[in-house]
Q: 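This is the structure I want to talk about, given as structure tokens.
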Amino acid sequence: MITLSSPKTLSPFSFLCNPIPKPQIQNPKFAAVTQYSDSNSKPTLDSDCESVFQTERGLKFDVGGTFFRHESATGRDLGVLAAALYKKSKGKLRVLDALCGCGIRSVRYLVEAEADFVLANDANDENKKVITENLSQVESGSGDEARWEVSLTDANRIMTECYLKRDFFDLIDIDSFGSDSSFLRSAFNALKLNGLLYVTSTDGFSSGGRRPQQTLAAYGAYVRPMPYSNELGLRMLIGGAVREASVLGYRVTPLFSYYSYHGPIFRVMLRVNRGKLPDNKHYGFISYCNSCGSSQEYSWAELGRIGCPCSDSKVSKSLVVSGPLWTGPLHDTAYITEMLSLAEEWGWAGIETGTDLDKLLNQMVAESDPRLPFGYTKLDEVASRAKVNSPSLRAVMSTLQKEGYAVSRSHIESNAIKTNCPMEDCIRIAKQLQQR
Ligand SMILES: C[S@@+](CC[C@H](N)C(=O)[O-])C[C@H]1O[C@@H](n2cnc3c(N)ncnc32)[C@H](O)[C@@H]1O
């Protein structure tokens, strides 16, 4: 039962006295607002509609002039599921929503994941009214019993303040514009051991390999153009977190990795523990040969053998290399399976959007098959190399399975497959299918 009460605002921090410049708030053309009506809970995207909407669970949100993206709803759904699993297993959940916008995630963490406490922070003090009004749907409590607080400061500042007070969180959500890398270190510091860090990037240009100097600065990875750029984006994000975590003596494990072309948005849920990655396991390099279309992974120890079997010369103009990046699993299968059962138990089909969460989570389970390699193979690329029309996804997958290869769809690219079948055999199969 949600009751109304007055909000409590976090006091300013006197000892961190450098004034933080007001962040550049993008005036987003994407911030079209979704309106839900009581009669029809399916949203319609319409930038002219009112800025108030209601979720299927009766929560009302005013997005006011805040940055609100309807398309981020699936990312919010996944975050809430993970938070609820954490609460179920640990019995306690304290969340820091470090860039909360209108506070929609904060409310959802409180009501749907039953968080004990949420600190909702946003640097834009013009958002205060909207955030507090939205959070006022949940009783605020007071003192040790406080269920939520609002803070209006820079995310790094609030996380550093919490760390210095030894006030640690079970889950920190960093939903930033562009790259989140500047928030990582203070987020690790403010997180409990075994806690969850939900990080974001909306930097599709960089993962496309068009700004290698920028990816080097932000994520410590030199990223070049490769056909599976959106998976590179996720791996670059995780790799950046691996690097930052190891500076502090932590290691991260991805629980799920989610890409959406709306934005685009790259979101990764990481579990953070003390310790280093053994021998830089899963933190290495990937090569792609533009000539033959094959990809290969290399650990740091294998850097000396970078090359493509299709070329006599080791250094080929056709070969591009990106890294270091996360080369390990994008998802923890057991964890996604738990998320799936919870979504089913709740009767969830995407609480805000009606998205088919079951389908998404099932695809994530399928693409977690340990036999499947880095990247995905776009069927258009296969068709172009085979000089045939693009084959049907279903026919290619069924042929690959019959030939004993591992294969799955990719939640990242609809007309692509993940497979351990070499490109030359994919080309052969595409030609055979064309002849039928
Ligand atoms: C992508 S929006 C957040 C959307 C929100 N989490 C949601 O689910 O709808 C990013 C927010 O970060 C805030 N912001 C930008 N820079 C910040 C900073 N350095 N510290 C804290 N908040 C910041 C902006 O005011 C904006 O509301």
Side-chain angles (χ1 to χ4, degrees), residues 25-36 41-51 53 55-56 61 63-82 97 99-105 108 122 173-180 198-211 227-238 254 256-269 330-331 336 339 343 348-364 367 376 378 380 409-416:
I25 309 298
Q26 294 158 1
N27 186 11
K29 60 176 188 272
F30 304 109
V33 164
T34 303
Q35 185 175 27
Y36 288 71
S41 62
K42 292 277 181 264
T44 52
L45 189 63
D46 176 357
S47 51
D48 295 328
C49 69
E50 288 172 29
S51 68
F53 69 91
T55 70
E56 291 165 21
F61 294 99
V63 301
T66 63
F67 184 96
F68 173 82
R69 227 192 323 231
H70 152 71
E71 293 90 341
S72 301
T74 305
R76 289 191 281 268
D77 290 338
L78 295 172
V80 169
L81 280 174
D97 188 1
L99 297 97
C100 73
C102 67
I104 180 168
R105 277 167 208 265
R108 293 193 56 193
D122 197 280
D173 191 327
I174 302 200
D175 186 18
S176 56
F177 306 127
S179 141
D180 69 344
Y198 197 21
V199 290
T200 321
S201 163
T202 56
D203 194 355
F205 268 116
S206 294
S207 59
R210 276 165 273 178
R211 297 195 282 207
Y228 31 78
S229 62
N230 295 327
E231 190 173 316
L232 281 183
L234 289 172
R235 293 181 176 281
M236 180 176 85
L237 186 57
I238 305 169
F256 64 80
S257 310
Y258 167 67
Y259 166 80
S260 163
Y261 70 94
H262 294 293
I265 300 170
F266 302 83
R267 297 230 71 182
V268 176
M269 183 67 82
L330 288 175
H331 319 290
I336 305 256
M339 286 173 73
W348 257 27
I351 205 72
E352 284 178 58
T353 54
T355 322
D356 195 339
L357 270 186
D358 281 13
K359 186 176 159 201
L360 173 67
L361 291 167
N362 275 312
Q363 272 185 359
M364 287 176 170
E367 66 194 23
Y376 43 80
K378 288 182 179 173
D380 291 348
R409 295 188 65 156
S410 161
H411 87 273
I412 300 174
E413 276 284 334
S414 56
N415 197 31

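Below, all heavy atoms of this structure are taken into account, side chains as well, without hydrogens, waters or symmetry copies. Note that the structure is predicted; figures quoted are calculated from it, not measured.
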Q: Less than 4.5 Å apart, any side-chain heavy atom of L78 and any of R267?
A: no
Q: Should the pair Y258 and H411 be assigned to parallel (<30°), tilted (30 to 60°) or perpendicular (>60°) ring geometry?
A: parallel
Q: Which heavy atom in Y376 sits nearest to a heavy atom in S410, and how many Å separate them?
A: CD2-OG, 4.0 Å
Q: So how far is it from I412 CD1 to K378 NZ, rounded to the nearest 0.5 Å?
A: 11.0 Å
Q: Which heavy atom of A343 sits nearest a heavy atom of D358, and at what distance?
A: CB-OD1, 4.4 Å
Q: Do F256 and L361 have side-chain heavy atoms sitting under 4.5 Å apart?
A: no
Q: Between atom CD of Q363 and atom CD of E367, what is the distance when rounded to the nearest 0.5 Å?
A: 7.0 Å
Q: Any side-chain heavy atom of L81 sitting closer than 4.5 Å to one from L357?
A: yes
Q: Indicate yes or no: at least one non-hydrogen side-chain atom of V268 is less than 4.5 angstrom from one of L330.
A: no
Q: Are any of the side-chain heavy atoms of S257 and I238 separated by less than 4.5 Å?
A: yes
Q: Nearest 0.5 angstrom please: L237 CG to T200 OG1, how far?
A: 7.5 Å
Q: To check you understand the geometry: which heavy-atom pair defines the closest contact between F266 and L234, and what is its length?
A: CD2-N, 3.7 Å
Q: Considering only NZ, NE, NH1 and NH2 on the basic side and carboxylate oxygens on the acidic side, decide whether D203 and R210 come within less than 4.0 Å.
A: no
Q: When you measure from the side chain of T202 to the backbone N and O of P264, does any donor-acceptor pair fall under 3.5 Å?
A: no
Q: Answer whether the closest heavy-atom distance between the side chains of V63 and I104 falls below 4.5 Å.
A: no
Q: If you measure from CE on M339 to CD1 on I336, what distance do you get to the nearest 0.5 Å?
A: 6.0 Å
Q: Rounded to the nearest 0.5 Å, what's the gap from OG on S72 to CG on D77? Could you check?
A: 10.5 Å
Q: Drop me the distance from S229's OG to M236's CE, to the nearest 0.5 angstrom.
A: 10.0 Å
Q: Is the shortest side-chain heavy-atom distance between T74 and I265 below 4.5 Å?
A: no
